[in-house]
Amino acid sequence: MTHRPPIGEVEALHDTILDWYDANARDLPWRIPAADWPWPQVDRPWAVLVSEVMLQQTPVARVEPMWHRWMQLWPTPAHLAAAAPGDAVREWGRLGYPRRALRLHAAAVAIRDEHGGVIPADLQQLQALPGIGGYTAAAVGAFAFGIRSAVVDVNVRRAEARLVTGAAYPAPSLSAAETALARALLPLDEPAAARWNAAVMELGAVVCKAARPLCARCPAHAQCAWIRAGSPAHDGPRRAAQRWHGTDRQVRGKLLQVLRDAPAAVPRSALDLVWPDAGQRDRCLASLVEDGLVEPLPRERFRLPG
DNA sequence: GATACGTGGCT
DNA sequence: TAGCCAAGTAT
């Protein structure tokens with residue numbers, strides 16, 4: 001049951017939210033338009049791509065400094081492709097989900113080897129790159145190339161659920177109905193569509209927040225189906241809480257932190273210190289090797305992949 | 001479709 | 001404080 005509001009309501013929503021965005025958008029460096037791009041040596045589509053991968057499941061405040069550092073180190077895909085994958089993992093620091101760094105490196109290699117060093121302005125070719133899924137392909141398409149693609153992240157899903165469907169939260173996973181709704185709301189004009197994608201995402205991120213939405217500050221509160229329905233509490237299934245303490249993820253994180261902070265290869269004895277349970281420790285080290293995040297060397301030594 | 005995958009800030 | 005939450009992807 002796809003909700004498709006009348007065209008007049010959609011246009012009113014466009015006006016409201018685009019005007020709000022024009023006046024309130026955060027000044028994030030990867031949003032600087034091509035005409036004003038201040039770093040001629042930095043490839044802008046690459047800058048957008050890196051920002052989008054860093055932003056996966058990661059707050060803007062933690063991404064911004066890392067993004068600046070990466071743009072200094074590797075201003076184009078060719079620069080990163082020429083580096084060791086372990087350098088990408090090390091420079092990922094504590095952003096989390098370090099496989100993203102490895103995949104970004106693999107994407108840079110693919111861009112160099114299969115696309116002549118030029119990021120493809122095509123959604124399917126973007127999504128074929130390592131670490132680029134449906135969301136990131138749409139985001140790079142829209143924000144780097146102005147393609148009229150529906151960018152559907154959790155902020156967009158939540159904002160559109162409240163504004164149009166009247167639900168407090170979107171479903172745990174992306175549904176076909178949500179994709180259809182996002183497409184239906186996309187302005188026809190290509191540049192306007194790209195702005196709209198950014199605007200709805202921004203609204204979801206800073207106003208229509210998950211826990212405590214700032215409805216009093218929302219430009220669209222008069223057009224919001226959820227408010228009209230009396231702001232009902234969430235009723236559907238809740239996302240399962242993620243455990244952390246004692247998980248393999250915690251152990252993998254500790255192991256990788258030692259390797260990131262070491263200037264050279266480390267002996268297994270150094271890794272043994274991070275976790276008391278030898279069985280879990282060894283299993284996690286093996287999984288890191290399996291993932292390509294750690295390279296085993298002779299004589300029980302380990303390092304980030306060279 | 002469910003599950004695994006990091007990290008840190010906020011309430 | 002323990003849990004929630006953050007611009008997802010791959011399997």
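Note that these values count all heavy atoms, side chains included, but never hydrogens, waters or copies made by symmetry. Just so it is clear: chains get the letters A, B, ... in the order the sequence lines come, proteins before strands, and each one is counted from 1. These numbers were taken from a predicted model, which means no experiment stands behind them.
Between A:Trp30 and the choices A:Phe143, A:Trp46, A:Trp67, A:Trp37, the ring-ring contact (aromatic ring centres under 6.0 Å, His included) rule is met once, by A:Trp67.
Remark: A:Arg260 is in phosphate contact with B:dT7, judged by side-chain N or O atoms under 4.0 Å from OP1 or OP2. Contact check, A:Arg99 against C:dG8: no side-chain N or O comes under 4.0 Å of OP1 or OP2. At the phosphate of C:dG8, neither OP1 nor OP2 sits under 4.0 Å from any side-chain N or O atom of A:Thr58. For the OP1/OP2 pair of C:dG8 and a distance below 4.0 Å, the side-chain nitrogens and oxygens of A:Gln57 include at least one atom meeting the criterion. Taking 4.0 angstrom as the limit, A:Arg249 places none of its side-chain polar atoms (N or O) nearer than this to OP1 or OP2 of B:dT7. Between A:Arg100 and C:dG8 there is no side-chain polar atom (N or O) within less than 4.0 angstrom of OP1 or OP2.
Backbone-only engagement by A:Thr136 is indicated by non-hydrogen atom pairs under 4.0 Å involving sugar-phosphate atoms exclusively.
Between B:dT11, B:dC5, C:dC5, one nucleotide has an atom nearer to the side chain of A:Tyr97 than all others, and that is B:dC5. For A:Gln56, whose side chain is taken as the heavy atoms from C-beta onward, the closest listed nucleotide among C:dA7, B:dG6, C:dT9 is C:dT9. Of the candidate nucleotides B:dT7, C:dA6, B:dC5, B:dT7 has the atom nearest to the side chain of A:Arg94. Residue A:Ala210 has its side chain nearest to C:dA6 when only C:dA7, C:dA6, B:dG6 are considered.
Note: A:Arg26 CZ to A:Glu202 CD = 4.0 Å, rounded to the nearest 0.5 Å.
In this structure, a donor-acceptor pair under 3.5 Å is present between the side chains of A:Arg249 and A:Gln242.
For the pair A:Gln250 CD and B:dC5 P, the interatomic distance rounds to 12 Å; values are reported in whole Å. A:Trp244 places its CH2 atom 18 Å from the P atom of C:dA6, with the value rounded to the nearest Å.
Where A:Leu129 and A:Glu52 meet DNA chain C, the nucleotide closest to each residue was compared, and A:Glu52 sits on the side nearer the 5' end. In terms of position on DNA chain C, the residue among A:Arg62 and A:Gln127 whose nearest nucleotide sits closer to the 5' end is A:Arg62.
With salt bridges taken as basic N to acidic carboxylate O contacts below 4.0 Å, none links A:Arg283 and A:Asp277.
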